[in-house]
Each structure stands twice: as structure tokens, then as C-alpha cells.
Amino acid sequence: MEQIAMPEQFEINDRNRVRRVAKRGEYDHAAVFQVIDAAPLGHVSINDQQQGLIAIPMLHARMEDRLIFHGATTSRLMQHLGSGAPCCVSFAMVDGLVLAKSLFHHSMNYRSAVVFGCGQLVNDEPERLNALKAISDKLLPGRWEDARQPNAKEMKATAIVSLKIESASAKIRSGPPSDDPEDIELPIWSGVVPCQVQTQTPIADEHSQKIALPDYL
Ligand SMILES: Cc1cc2nc3c(=O)[nH]c(=O)nc-3n(C[C@H](O)[C@H](O)[C@H](O)COP(=O)(O)OP(=O)(O)OC[C@H]3O[C@@H](n4cnc5c(N)ncnc54)[C@H](O)[C@@H]3O)c2cc1C
């Protein structure tokens with residue numbers, strides 16, 4: 001009999017089940033990973049013994065089912081993440097402003113993900129270099145091959161944390177506003193203003209006036 005491949009999913013439990021507008025929740029690896037890969041940054045939330053709860057924006061990359069972060073070895077956040085303490089990371093992309101007839105029904109079209117897991121320091125040197133390349137490639141493909149490679153001093157000053165995604169959910173809203181039936185005929189513009197993150201024309205610094213723009217830019 002032909003085997004039907006089941007989609008890979010994060011287990012749905014009390015921690016990651018989307019309750020508010022549950023129909024927008026998704027648990028497939030593909031849905032969660034798509035948001036993580038699209039988001040330029042993630043907000044890392046930790047419960048630090050000295051400072052208590054704090055959420056800090058960070059660059060990230062994804063390597064299979066792991067999130068990669070880098071930072072100064074002296075960074076409180078990196079030390080906390082590297083200690084294996086539990087943390088939560090959230091990602092969001094705004095795809096549109098949703099303008100309803102009523103203010104109550106104004107919303108956003110978005111793709112978001114909330115991820116739970118524990119980090120660990122990466123100590124193996126080739127792995128650390130791979131992780132840094134992954135972060136560089138996510139930011140700007142082609143830049144890693146072009147720029148000067150990290151030297152021993154820079155590598156020593158840099159901590160890398162790898163966090164296995166243990167539990168996660170995505171939440172996605174798309175489409176027009178959902179107005180109440182009694183408001184539909186009101187003479188007020190309603191609809192969606194699409195949004196996206198976009199890079200703009202590069203600006204050379206004073207040391208690069210005579211250097212051609214690389215192809216990847
Ligand atoms: C750009 C953006 C703007 C938003 N603005 C607002 C706002 O102004 N007001 C508002 O009420 N809500 C807003 N939301 C939705 C918000 O993220 C929450 O989903 C919502 O507030 C419900 O919160 P809750 O704690 O009741 O969630 P619950 O459904 O009780 O959360 C249970 C679990 O579901 C998962 N979950 C919840 N929210 C998300 C999410 N967004 N993405 C992935 N997993 C999730 C988490 O694992 C969480 O532990 C916004 C979302 C985005 C992406």
C-alpha cells in the first residue's frame with residue numbers, strides 16, 4: 001500500500017497551542033521555519049536572575065531545527081543563553097495594515113512565530129565558523145565570501161549559541177478586514193495597505209567611492 005507522508009509538526013500542547021483566534025495557528029515545521037527565515041530579527045526573552053524578565057532583539061539564523069545567535073562572550077544575554085536556561089524567541093513580519101470601517105476591527109496582516117527551547121554554547125571551531133556564515137548568509141547572501149574572514153582574536157571575542165527548537169507555533173493573518181454586517185455600507189474606505197521590508201539603493205562610504213558595487217548588492 002502506498003505510504004502517505006505526514007507533514008512534520010511540532011506537538012501541540014498547553015505551552016504552544018494558539019487559543020486566541022485558534023484558526024490562525026499553524027504547527028508545521030514548514031510554516032514556523034518560513035516565518036523564522038523571513039524575519040530579519042528575533043526577540044529573545046529570558047528570565048535573568050539579576051534583572052528578571054527581559055526581551056532583547058537579536059540577529060539570528062536557522063540551521064535545520066536550531067536557532068543560531070552570536071554576540072560578545074561578555075554579553076549577559078549570550079552567557080544566559082549558553083548556560084542552557086529556557087528561553088522564548090518571537091518573530092514577526094507585517095504584511096499589511098488592515099483598515100476596517102470600524103476602529104474595533106482594524107488589524108494587521110502578519111506572519112509570526114513563537115519558539116521555545118534551551119540554548120547551548122557552540123565550542124567546536126569549524127561549527128562556530130559555519131554558524132557565523134549562516135548568520136552572514138541570512139543577512140546578505142554573498143557577503144561572507146567577499147568580506148575579510150574573522151581572525152583568531154575576533155573569534156575568541158565571539159560567543160555562538162545554538163538553540164534547539166523544542167516547541168513552536170506560527171500565527172498567520174491574511175486577507176481583508178472583517179467588519180460587522182451593520183457597518184458594511186458605511187461610506188468609509190476599508191481594505192488593506194500591503195507592507196514589506198525592503199532594502200534600498202546602497203550608499204558607499206568614503207573608503208569605497210572607487211570600488212565597484214558587488215553583484216550581490
Ligand atoms: C505584528 C503583530 C501585531 C499584533 N498586535 C496585536 C495587538 O495589538 N493586540 C492583540 O491582542 N494581539 C496582537 N497580535 C496578536 C498577538 O501576537 C497574540 O497572538 C494575541 O494577542 C493573543 O495573545 P494571547 O496571549 O491571548 O495568546 P494565546 O492564544 O493564549 O497564546 C497561547 C500560545 O499560542 C502561541 N501564540 C500566541 N500568539 C502567537 C503569535 N502571534 N505567533 C505565534 N504563536 C503565538 C504561543 O505559543 C502562546 O504561548 C499581534 C500579532 C502580530 C504578529
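Note that ligands are numbered from 1 as they come in the structure, with each ligand's atoms numbered from 1 the same way.
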Check: Side chain or backbone of R111 under 4.0 Å from ligand 1, or both, or neither, by non-hydrogen atoms?
Finding: neither

Got a protein heavy atom sitting under 4.0 Å from [atom]?
atom: atom 21 (O) of ligand 1; result: no
atom: atom 12 (N) of ligand 1; result: no
atom: atom 43 (C) of ligand 1; result: yes

For [atom], closest protein heavy-atom neighbour:
atom: atom 46 (C) of ligand 1; result: S169 OG, 3.9 Å
atom: atom 23 (O) of ligand 1; result: R20 CB, 4.5 Å
atom: atom 18 (C) of ligand 1; result: K171 NZ, 3.9 Å

Item checked: By ring-ring contact (aromatic ring centres under 6.0 Å, His included) - contacts of H43 (at least two apart) -> none

Next item on the list: Check the surroundings of atom CD in E125: do more than 12 heavy atoms from other residues, nucleotides or ligands lie under 6.0 Å from it?
Entry: yes

Margin query: Tell me whether D205 at atom CG has more than 12 heavy atoms from other residues, nucleotides or ligands lying less than 6.0 Å away.
Written below: yes

Next item on the list: If the plane angle is over 60° it's perpendicular, under 30° parallel, otherwise tilted; pick one for H29 and F10.
Entry: tilted

Check: Can an N or O of Y110 be found at a distance shorter than 3.5 Å from an N or O of ligand 1?
Finding: no

Notebook entry, point to check: Do NZ/NE/NH1/NH2 and the carboxylate oxygens of E64 and K164 come within less than 4.0 Å?
Noted result: no

